[in-house]
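Numbered from 1 within each chain, the chains take letters A, B, ... in sequence-line order.
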Amino acid sequence: MLSSPDPQSLATAVELAIAARSARLGRAAHAQIVKCLSPLVPSFLSNHLVNMYSKLDLPSAAASTLALDPVPSVVSWTALISGAAQNGRALPALLHFTAMLRASVRPNDFTLPSTFKAAAALRHSLAGRQLHSFSLKTGLINDVFVACGALDMYYKTGLALEARQMFDEMPHKNIVAWNAVMTNAVLDGRPGEAIDAFSKLRLSGESPNTISLCAFFNACAGASYLWLGAQLHAFVIQSGFDSDMSVGNGLIDFYGKCHCVDEARAVFDGMPTKNDVSWCSMIVVYAQNGAEEEAFNVYLDARREGIKPTDFIVSSVLTTCAGLSGLDLGRSVHAVAIRSCIDGNIFVGSALVDMYGKCGSISDAEQAFREMPDRNLVSWNAMIGGYAHYGDAHMALAVFDEMINSGEVAPNYVTLVNVITACSRGGMTREGLDLFETMRERFGIQPRTEHYACVVDLLGRAGMEERAYEFIKEMPVRPSVSVWGALLGACRVHGMTELGRIAAEKLFEIDPQDSGNHVLLSNMFASAGRWEEATEVRKEMKDVGIKKGPGCSWIIWKNVVHVFQAKDTTHERNDEIQAMLAKLRREMQAAGYVPDTQYALYDLEEEEKETEVLQHSEKLALAFGLICIPPGIPIRITKNLRVCGDCHRAIKFISGIVGREIVVRDNNRFHHFKDYQCSCRDYW
DNA sequence: GTAGGGTTAG
């Protein structure tokens, strides 16, 4: 007969399974232990096994292994509790702790930190206090690990005063205590306090470690302290910390939040090893700095590198797709989410609702919303925002009522912005005003400047510009750019040139460099035939050195973004596009279309104006779409400015002539064109 | 043999 393996080598096999993070190896080691040593499995092997199952996040295997130990030791219990706490199962962790006490096993200095962590995760300050007094009575609080656990727990349960007091009273402040102070200051939105703690830490003679550095960069990112963070980056390079992955990830995020995209990329490219967090951070840097295409490319690179699409990555990329208005890209990411079994994650779900809403597929947004296993405030806001974008005020209000009645979550200021915007787009002026006037008493939400802007927009769209102006004059807070911008936009649509000029001048005062407002004013004069004033505004822009961000429209076809500017002839299929435009012009005119040349931007002869409006970017993009997208597939165009009035009329005609569905998303809302009609019913 | 503080998203 073969000699059995000795218990020590069996323990080694269990440890190897942990190191390899392999449940298969772990189960094999367990089977071998049972085969060789049953029924007398020594307690120390039982400890190893519980630890192994806990670390591999197999909670029921861990619990049943412990249950089969006739005398489970403090080590087994501790492994069970810490496994639960580390893997986000805070309530089971606390339940194990009480079960341990009931079994008359005394917790030790290794048990308490994990238990504090569980109480902190549950935001349960009473459980935390109870654990704290337990630590005091047993004297375990004198252990620095236990004290740090209590400190962190007090911060996370919102008792910052108790936490500070504990910290001040600690006889020996180790690096973990300092780090807990810093990370919690950042989490609670007090980056200055974290930076302050970092300098005190250095004065105390303690050396910062990678976690202190992460917290520091995080604080600099939150406060946009570019200079301070860049200085510490130099220190990081000197001290060799830059090869650490977490520090690198923190640096990427820091530079991204300070809008230094190239620096973030340089850190990313220079990292010796990258993980999913590094890739995700890089995607977010591009997405949050207006480079959605680049963000999507980084995602594709990550997939090619074999990076697992995590819930973080997928929700970030979905936001990118929303920004690009890339419905097909978004759908493909949705498929990835399903295959990776993360479509039930609340972040992913909300991002899906948001993406489908912003890409104009409201039924998909609704479906994604209804299928979410859990919903929170952000999910509801995304759904209401989707209907607002779509211009369906009735559905936005219906979902809003459903949210209130469900009692799941209370609305916040974003919710109110979305509902009032929906009322504005859908022409429900009375309902929108009612919501604004009662939001404070009904929902306890203080109106912010965003809400005032919504109301100005609401009145302006309904043709009540003068009333909107009176409303602005009576505002208790200083009107922001968006408030005056809403008035200017309304004046442009309704040809209220004089009031528009007042709004524009206020805008120039607040933000003299913004090109959009100058262009809007100039266009308004042009529409009114006041060419001299229009030219004057343009000239002023040139003199002050304002660069005009070009208006452009784009269309995504076969994963390629095709961008067009007005009068753009640079596209490789320009000849076909021009031929298509000429053909459309003839057919539209036969159907009764007359070009609306008030939207031409220059003082030209009538015929030249007609040619000018024909070359607007949305028409070029549409012509391109008609050439390459097969019949039956809706054509989706996105524009970075508001769609022009002539283009709106023309596209209504074209949708009927070619018998196709055309969806235009401008910076304001969606227009679904079908059979000579638009979903906005010409009210926008 | 068992433990603490961490980077990314809607």
Next on the checklist: Within the 4.0 Å heavy-atom criterion, would you say A:Leu318 contacts the bases, only the backbone, or no part of the nucleic acid?
Outcome noted: nothing

Item to check | Sequence-distant partners of A:Asp276, salt bridge (Lys or Arg N to Asp or Glu O under 4.0 Å), two or more places apart | outcome: none

Item to check | Stem list, DNA chain B (Watson-Crick or G-U pairing under 3.5 Å, at least 3 consecutive pairs) | outcome: none

Next on the checklist: Given B:dG10, B:dA3, B:dT7, identify the nucleotide with an atom nearest to the side chain of A:Asn249.
Outcome noted: B:dT7

Next on the checklist: Heavy atoms only, 4.0 Å cut-off, all strands: where does A:Lys358 land among base, sugar-phosphate and nothing?
Outcome noted: nothing

Checklist outcome for this item: A:Val284 has its side chain closest, among B:dG5, B:dT2, B:dA9, to B:dA9

Item to check | Set of residues satisfying ring pair (Phe, Tyr, Trp, His ring centres under 6.0 Å) with respect to A:His96, sequence neighbours excluded | outcome: none

Checklist entry - What nucleic acid atoms does A:Asp311 come within less than 4.0 Å of, heavy atoms only: base, sugar-phosphate, or nothing? => result base

Item to check | Options B:dG10, B:dG5, B:dT8, nucleotide nearest the side-chain atoms of A:Phe347 | outcome: B:dG10

Item to check | Listed nucleotide nearest any side-chain atom of A:Asp253, set B:dT8, B:dG10, B:dG1 | outcome: B:dT8

Checklist outcome for this item: residues 182-205 of chain A vs ring-ring contact (aromatic ring centres under 6.0 Å, His included), sequence neighbours excluded, gives A:Phe198-A:Phe216

Checklist entry - Within the structure shown, what part of the strands sits under 4.0 Å from A:Lys156 by heavy-atom distance: base, sugar-phosphate, or nothing? => result sugar-phosphate

Next on the checklist: By nearest atom, which of the nucleotides B:dA3, B:dA9, B:dG10 is closest to the A:Ser316 side chain?
Outcome noted: B:dA9

Checklist entry - Ignoring hydrogens and angles, does a donor from either the side chain of A:Asn345 or the base of B:dG10 sit under 3.5 Å from an acceptor on the other? => result no

Next on the checklist: Please list, in numerical order, the residues of residues 131-152 of chain A that have a heavy atom closer than 4.0 Å to any atom of DNA chain B.
Outcome noted: A:Phe145, A:Asp152

Checklist entry - A:Lys274: what forms a salt bridge (Lys or Arg N to Asp or Glu O under 4.0 Å) with it, not counting sequence neighbours? => result none

Item to check | Ring centers of A:Tyr299, A:Trp279 separated by less than 6.0 Å | outcome: no

Next on the checklist: Taking any heavy-atom pair under 4.0 Å as a contact, classify A:Val277: base, sugar-phosphate, or nothing.
Outcome noted: base

Next on the checklist: Applying side-chain hydrogen bond (donor to acceptor under 3.5 Å, both in side chains) as the test, list every pair that has at least one member in residues 332-341 of chain A; sequence neighbours left out.
Outcome noted: A:His334-A:Tyr356

Next on the checklist: If you take the centroid of each ring, where Trp contributes its six-membered ring, are A:Tyr390 and A:Tyr387 closer together than 6.0 Å?
Outcome noted: no

Item to check | Ring geometry between A:Trp380 and A:Phe369 (parallel below 30°, tilted from 30 to 60°, perpendicular above 60°) | outcome: perpendicular

Checklist outcome for this item: Looking only at B:dA9, B:dG1, B:dG10, the nucleotide nearest the A:Ser379 side chain is B:dG10

Checklist outcome for this item: Ordered by number, residues from residues 293-304 of chain A within less than 4.0 Å of DNA chain B (heavy atoms) are none

Item to check | Residues that A:Arg190 engages under salt bridge (Lys or Arg N to Asp or Glu O under 4.0 Å), provided they are two or more places apart | outcome: A:Asp188, A:Glu193

Next on the checklist: With side-chain hydrogen bond (donor to acceptor under 3.5 Å, both in side chains) as the rule and sequence neighbours excluded, what pairs involving residues 130-142 of chain A come up?
Outcome noted: A:His132-A:Tyr154

Distance-only criterion, 3.5 Å: show the donor-acceptor pairs between side-chain atoms of residues 260-272 of chain A and protein atoms not counting sequence neighbours.
residue, atom, partner, partner atom, Å
A:Arg265, NE, A:Asp269, OD1, 3.3
A:Arg265, NE, A:Asp269, OD2, 3.3
A:Arg265, NH1, A:Tyr286, OH, 3.4

Checklist entry - Where the side chain of A:Asn179 is concerned, which of B:dG1, B:dG5, B:dG10 is the nearest nucleotide? => result B:dG5

Checklist entry - With a 4.0 Å cut-off on heavy atoms, is A:Ile346 in touch with a base, just the backbone sugar-phosphate, or nothing at all? => result base

Checklist outcome for this item: Residue set satisfying salt bridge (Lys or Arg N to Asp or Glu O under 4.0 Å) with A:Arg304, at least two apart, ordered chain then number -> A:Asp301

Checklist entry - With a 4.0 Å cut-off on heavy atoms, is A:Asn381 in touch with a base, just the backbone sugar-phosphate, or nothing at all? => result nothing

Checklist entry - Under the 3.5 Å rule, do the base of B:dG10 and the side chain of A:Ser315 count as making a donor-acceptor pair? => result no

Next on the checklist: For a quick test of reading the model: is some side-chain N or O of A:Asn275 closer than 4.0 Å to OP1 or OP2 of B:dT8?
Outcome noted: no

